[in-house]
Amino acid sequence: MAVTGPEIERLIGLLAKLPGLGPRSARRAVLQLIKKKDTLLVPLTAAMTDAVEKARLCSQCGNIDTQDPCAICADPGRDPSIICVVEEVGDLWALERAAVLKGRYHILGGTLSALDGVGPEDLHIGALVERASAPGVKEVILAMNATVDGQTTAHYITDQLAGADVTVSRLAHGVPVGGELDYLDDGTLAAAIKSRRPF
Ligand SMILES: [Zn+2]
């Protein structure tokens with residue numbers, strides 16, 4: 001039931017579509033926005049208009065930026081011989097927060113999923129094979145989620161890269177930093193034992 005004008009209800013309805021926000025949190029957010037009109041709502045509107053105008057996908061890696069190629073692809077300090085493959089832009093941002101990877105990225109746009117009807121042609125796999133086959137590329141790191149679909153996709157990509165002269169690696173599975181063995185699930189423990197390495 002609408003308790004306020006249609007303009008405000010529309011705003012609530014749109015915000016409620018965002019991940020992590022349901023109708024209740026959207027309502028709370030809109031109340032704050034309207035209460036803090038000058039310090040929050042007006043600058044947010046301007047920032048959104050800016051984003052509409054300037055946000056674009058990088059034609060090389062699929063990252064979201066305001067320039068194409070994106071700042072990472074355009075950075076001469078990045079090692080062009082390493083391509084790190086991720087499912088979504090959010091994964092790239094997470095890896096960048098860790099600030100350990102000095103290579104470049106490739107965003108697939110999801111994972112293969114028989115259940116959701118996502119096939120290889122729905123993902124940016126062809127473009128990856130093309131990039132990986134270019135001279136100077138030495139390693140492709142598969143940084144997929146440790147889910148069934150993520151790992152299925154990683155296997156598929158490994159097969160596709162068989163003809164390219166690159167080393168294919170994947171992220172380690174196992175004990176998280178600061179993790180206690182007693183609290184880990186069986187699958188994680190099994191993966192940690194399997195992926196053990198010399199100390
Ligand atoms: Zn890029």
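Whatever order the structure lists ligands and atoms in, that order sets their numbers, starting from 1.
Here the side chains of Y105 and I83 are not in contact, with every heavy-atom distance at 4.5 Å or above.
Around the CG atom of D165, the shell of radius 6.0 Å holds no more than 12 heavy atoms that belong to other residues, nucleotides or ligands.
Looking only at distances, a side-chain donor or acceptor of Q151 sits under 3.5 Å from a matching main-chain atom of N145. Checked by atom type and distance alone, the side chain of D116 never pairs as donor or acceptor with a backbone atom of S113 at under 3.5 Å. No donor-acceptor distance shorter than 3.5 angstrom exists from the side chain of D79 to the backbone of K102, with no hydrogens or angles considered. R78 contributes a side-chain N or O that, together with a main-chain N or O of L101, makes up a donor-acceptor pair within less than 3.5 Å.
Protein N/O/S atoms closer than 2.8 Å to the Zn ion (ligand 1), listed by chain and residue number, are C58 SG, C61 SG, C70 SG, C73 SG.
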